[in-house]
Amino acid sequence: MTQPDRPDGPPPQSPTPGGTPAVAASARAPGPLILTLYGAYGREFPGGGTVPVATLIRLMGALGVDPPSVRSAVSRLKRRELLTADRPGSKAAGYAPSPAARQLLDDGDRRIYQRPEPDGRWLLAVFSVPESERERRHVLRSRLARLGFGNAAPGIWIAPSHLEEETRHTLERLRLAPYVDLFLGTHQGFTPTAEAVARWWDLDALAALHRAFLDAHEPVLRTWSRRRRPRPEAAYRDYLAALDDWRRLPYADPGLPRELLPADWPGERAARVFAGLHDRLRAEGLEYVSALRRES
């Protein structure tokens, strides 16, 4: 699962009586939604995760995305070298994740499904970019922010130590590694670490993202919990919507130590809601995806 193109995600949604979040097609960017689909189910397809064009259009159509928007989004993802065209054998043309996209999906899986316990150490990214390459400086800052780093000082960014491997992958992929030094260590003062964390990250904004997720998806989980068996297409829609929203949160909130966060922190509750939706809906949604795959 890849990191988001948009750091803030779509606006909160209201669940319909059937349990599916009522989301206008325009509320979700098709490109990130396609990447969410590949992260959730694309690797279930044979041939290296190649999804036939017709199947991709039908899967996106179930989420309210029209065919022209799907084709435009695929073109943009190809230009960004995240999708590659593939025509295995005599089968219809399709699209598969590029090697770079596979790395992003694998890194994203660890963020979304395997939230690690912080070990008390911090990862520092210290960078210096020549003035003649100021555009690279902007790319570097924005990428570190999207990885979940907080800004400790000019040219110094900080994150929990478990982000080291993904940070290396990202900086190497974007050819930014020559500008950066990475350090691992502990915070030794003089400000108490909890106060420093509140300075490095905007905790109020992060808490608001968690609460928006809860407002949108906690009612959906309650609705599904009352049902004996989810319907595959509805399960697919609700799971993709939840995953598309949730996958932004582990990047905005990179897994900060719980003891350093406010007492009413909503992150753990949001994580439980997503885990409940994943356990309840992911496999049922796969039935819908598999049925379309067999028809392709």
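- A side-chain contact (heavy atoms from CB on, under 4.5 Å) with Val180 holds for exactly one of Val126, Val129, Leu124, Leu140; it is Leu140.
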Can you check side-chain contact (heavy atoms from CB on, under 4.5 Å) on Tyr41 and Val51, steps first, answer last?
CA-CA 10 Å; Tyr41 295 118; Val51 181; over 6 Å; no

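- Between atom CG of residue Leu63 and atom CG of residue Asp238 there is a gap of 10.0 Å, rounded to the nearest 0.5 Å.
- Note that CZ of Arg79 and CG of Leu77 are 9.0 Å apart. Values are rounded to the nearest 0.5 Å.
- Of all heavy-atom pairs between Val70 and Ile57, the closest is CG1-CG1, 4.1 Å.
- Here the side chain of Ser98 pairs a donor or acceptor atom with the backbone of Glu81 at under 3.5 angstrom.
- Shortest non-hydrogen contact noted between Glu284 and Ala235 is CB-CB, 3.7 Å.
- Between Arg199 and Glu195 there is no salt bridge, since no side-chain nitrogen of the basic residue lies less than 4.0 Å from a carboxylate oxygen of the acidic one.
- Side-chain atoms of Tyr251 and Leu163, non-hydrogen and from C-beta on, never get closer than 4.5 Å to each other.
- A centroid separation of less than 6.0 Å is found between the aromatic rings of Phe274 and Trp246.
- With hydrogens and angles ignored, the 3.5 Å screen pairs a side-chain donor or acceptor of His162 with a backbone N or O of Pro254.
- Rounding to the nearest 0.5 Å gives a distance of 4.0 Å between CG of Leu104 and CZ of Arg173.
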What do the steps show when you test Arg141 against Phe127 for side-chain contact (heavy atoms from CB on, under 4.5 Å), and what is the final call?
CA-CA 9 Å; Arg141 287 171 178 159; Phe127 67 83; 3.7 Å; yes

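- Between the side chain of Arg111 and the backbone N or O of Pro250 there is at least one donor-acceptor pair closer than 3.5 Å.
- Closest approach of Ala177 and Glu172 over heavy atoms only: CB-CG, 4.3 Å.
- The closest side-chain heavy-atom distance from Arg269 to Glu218 is below 4.5 Å.
- Defined by atom type and a distance below 3.5 Å, a donor-acceptor pair is missing between the side-chain atoms of Thr170 and Arg143.
- Atom OG1 of Thr55 and atom CE of Met60 lie 11.5 Å apart (nearest 0.5 Å).
- The two residues Leu277 and Ala242 make their nearest non-hydrogen contact at CD1-CB, 3.7 Å.
- With a 4.5 Å cut-off on side-chain heavy atoms, Leu37 and Tyr236 count as touching.
- Between the Arg280 side chain and the Trp224 main chain, a donor and an acceptor come within less than 3.5 Å of each other.
- Considering only heavy atoms from C-beta on, Arg134 stays 4.5 Å or farther from His138 through its side chain.
- Between Ala85 and Tyr95 the shortest heavy-atom distance is CA-CD2, 3.8 Å.
- A heavy-atom distance below 4.5 Å is not found between the side chains of Leu82 and Tyr38.
- Using a 4.0 Å cut-off between a side-chain N of Lys or Arg and a carboxylate O of Asp or Glu, Asp279 and Arg282 do not qualify as a salt bridge.
- Interatomic distance, Leu105 CG to Thr36 OG1, rounded to the nearest 0.5 Å: 9.5 Å.
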Applying side-chain contact (heavy atoms from CB on, under 4.5 Å), run through Phe149 and Leu123 and close with a yes or a no.
CA-CA 9 Å; Phe149 277 73; Leu123 175 67; 3.6 Å; yes

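- With contacts defined as side-chain heavy-atom distances shorter than 4.5 Å, the pair Leu256/Trp265 does not qualify.
- The nearest pair of heavy atoms linking Ala207 to Pro266 is O-CG, 3.7 Å.
- Taking 4.0 Å as the cut-off between side-chain N and carboxylate O, Glu268 and Arg258 count as a salt-bridged pair.
- A salt bridge links Glu164 with Arg168: at least one charged nitrogen is closer than 4.0 Å to a carboxylate oxygen.
- The main-chain N or O of Ile156 is found under 3.5 Å from a side-chain atom of Asn151 such that the two form a donor-acceptor pair.
- Summarising the geometry, atom CG belonging to Asp107 is positioned 10.5 Å from atom CD1 belonging to Ile112; distances are rounded to the nearest 0.5 Å.
- Heavy atoms from other residues, nucleotides or ligands lying under 6.0 Å from CD of Glu135 number 12 at most.
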Pair Val197-Trp122, side-chain contact (heavy atoms from CB on, under 4.5 Å): steps then yes or no:
CA-CA 11 Å; Val197 164; Trp122 298 95; 3.9 Å; yes

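- With contacts defined as side-chain heavy-atom distances shorter than 4.5 Å, the pair Tyr179/Leu171 does not qualify.
- Asp109 has its side chain within reach of Arg43: a pair of non-hydrogen atoms, C-beta onward, lies under 4.5 Å apart.
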